[in-house]
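Reading through the structure tokens given below for one structure.
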Number of protein chains: 2
Amino acid sequence: MTKPRPDLRERKKQATKEALRSAALRLALERGPENVRVDDIAEAAGVSPRTYNNYFSSREQAIVAAVAAERETRVAAAVAARPADVSLAEAIIDAVVEQYTDPGHPAGDVLLMITTNPALRACYIDAAAMIEDPLAAAIIERAPSVDRLTAQALSASVGAAARVALRQWLESTAPSPSTSGFVIVSGSLPTLMRTALTPLAPALDAVVPLRGGPPR
Amino acid sequence: MTKPRPDLRERKKQATKEALRSAALRLALERGPENVRVDDIAEAAGVSPRTYNNYFSSREQAIVAAVAAERETRVAAAVAARPADVSLAEAIIDAVVEQYTDPGHPAGDVLLMITTNPALRACYIDAAAMIEDPLAAAIIERAPSVDRLTAQALSASVGAAARVALRQWLESTAPSPSTSGFVIVSGSLPTLMRTALTPLAPALDAVVPLRGGPPR
DNA sequence: CCAGGAACTTGCGCGCACGCAAGTTTGCGT
DNA sequence: ACGCAAACTTGCGTGCGCGCAAGTTCCTGG
């Protein structure tokens, strides 16, 4: 499909990126994330420190990327995979939630490390934005009549809601001695995610009337 | 209201912040933004360079803050100001759009400077996120039955959509030699903003049935 | 097969963000 | 009025992000 690109150059590029990712993750797990300089990562990956910054613009990015790498791809695929007779909202929400439950959901220790370190948490949350572009594409795929701006706005909204859920979850899991508010909303990530995304359903469905008439 | 806080300490703080903001803006306008070091801003504001970073975490933030400072406050007020018999969606969309049209919308030269400099553009776009918290508060204000997560998700969505519109507008105005796509969506900011926000209307209205029955 | 050139890496240097540990100012209880 | 504690400022040191200008590797048309 969009795969056959054995451009030597490209492969090397991905290889380097992968090397940096895994090196970053490994080192971060061995010593704390705080005790890993970018020079270390670069050295471990066999490239110059300068090169590191050609791939990742922040130190945390490499670590987080190792975890959230392919969510970007998977979301689009997951949406496309839903049968055409379910509403857009259902398809998207399920697909997104799925990304944060099913797969190589970071092994426990990795997640712990991320939740522990504030910088990593922030970066992990921001990483949710990476699903937006593929998502917009997926939306247009389903409903070519939707214009770009709308699709972008909707997918950005989904991304934003996901981030809210993520933040909520992270700060409830975090070492928060005094949960300032009274109400404890904490729950499983999937649950939170669904709760945060559900309010957007009307907006998503409004844009694609699910041709054939209203839901049975 | 929430104003009476003549805490000497607090006043000095705000004064310093204001000093930094305006100094940053003035210097950025005089020489280019590129030719302004944080040391300059700090000196112009009469504080240590280190102190600067206690107020702003990035150099651009100070410049942009000078422009987007009170949008944060105004949004909440603007939403609250709408009569109770208009839908939530209408109230919010109008209020947000209003923020980007009416008021001390940055004088032309300032806007030009921001649109010209990539770093500033990025920062300006991100600044739109500042409306989210007040917005969430405003939503809960209108409909106390809405739970926090939902309110946050919705306001985050609004913020995200606004950012999309903003980005679109900025990159259409920008020195883009080849607009990669065929379709030119460009338009006035208010128009773009509305277009981006409108798809969210169903979601916003779904959450607050506008007590009294469905819209006439 | 071989230039010519694009893409990528690397060393260098600058400015910036931020933790830390004083030093200074402000608020508050007694 | 006074002194203590909290808040804020400041200098210093470290690591980082990135523009720039070589140097190196890889692709492409002839």
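Proteins get letters first, then strands, A, B, ... in listed order; numbering begins at 1 in each.
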>> Does this structure show an ion pair linking Lys13(B) with Asp7(B), if we count only N-O contacts that are shorter than 4.0 Å?
In response: no
> Would you say the side chain of Leu166(B) lies within less than 4.5 Å of the side chain of Leu189(B), judging by non-hydrogen atoms?
Replying inline: yes
> Among dC8(D), dC8(C), dT10(D), which nucleotide sits nearest the side chain of Thr51(B)?
Replying inline: dT10(D)
> dC16(D) phosphate, OP1 or OP2: any side-chain N/O from Arg59(A) under 4.0 angstrom?
Replying inline: yes
> Glu34(A) has an atom CD; how far is it from atom C1' of dC18(C), in whole Å?
Replying inline: 12 Å
> Of all the choices, dC18(D), dC16(C), dG17(D), which nucleotide is nearest to the side chain of Ser57(A) once you look at every atom?
Replying inline: dC18(D)
> Is a side-chain N or O of Gln61(A) found less than 3.5 angstrom from the main chain of Ser57(A), in a donor-acceptor match?
Replying inline: yes
>> Measuring from the side chain of Lys12(B) (C-beta onward, heavy atoms only), which nucleotide among dC8(C), dT25(C), dT9(C) has the closest atom?
In response: dT25(C)
> In whole angstroms, how far is the C1' atom of dC14(C) from the CG atom of Asp40(B)?
Replying inline: 14 Å
> Between atom CZ in Phe56(B) and atom P in dG15(C), what is the gap in whole Å?
Replying inline: 22 Å
>> Rounded to whole Å, how long is the line connecting atom CG of Asn35(B) with atom P of dC16(C)?
In response: 12 Å
> How long is the line joining CD of Gln61(A) and C1' of dC16(D), in whole Å?
Replying inline: 13 Å
> How close or far is atom P of dG27(C) from atom CD of Glu10(B), stated in whole angstroms?
Replying inline: 10 Å
> Heavy atoms, side chains only, cut-off 4.5 Å: are Tyr55(B) and Arg21(B) in contact?
Replying inline: no
> Whole-Å distance between dT10(C) C1' and Arg50(A) CZ?
Replying inline: 9 Å
> Nearest-Å distance, CG (Asn54(B)) to P (dG19(C))?
Replying inline: 10 Å
> Picking from dA17(C), dC26(D), dT10(C), which would you name as closest to the side chain of Val47(A)?
Replying inline: dT10(C)
> Between Tyr55(B) and Asn53(A), which is nearer to the 5' end of DNA chain D once each is assigned its nearest nucleotide?
Replying inline: Tyr55(B)
>> Quiz question: going by heavy-atom distance under 3.5 Å, is there a donor-acceptor pair between the base of dC26(D) and the side chain of Arg9(A)?
In response: yes
> Which part of the nucleic acid, if any, lies within contact of Arg37(A), taking any heavy atom under 4.0 Å across all strands shown: a base, the sugar-phosphate backbone alone, or nothing?
Replying inline: sugar-phosphate
> Are there more than 12 heavy atoms of other residues, nucleotides or ligands under 6.0 Å from atom CD of Gln14(A)?
Replying inline: yes
>> Please tell me if Ser48(B) has a side-chain N or O lying less than 4.0 Å from either OP1 or OP2 of dG11(D).
In response: yes
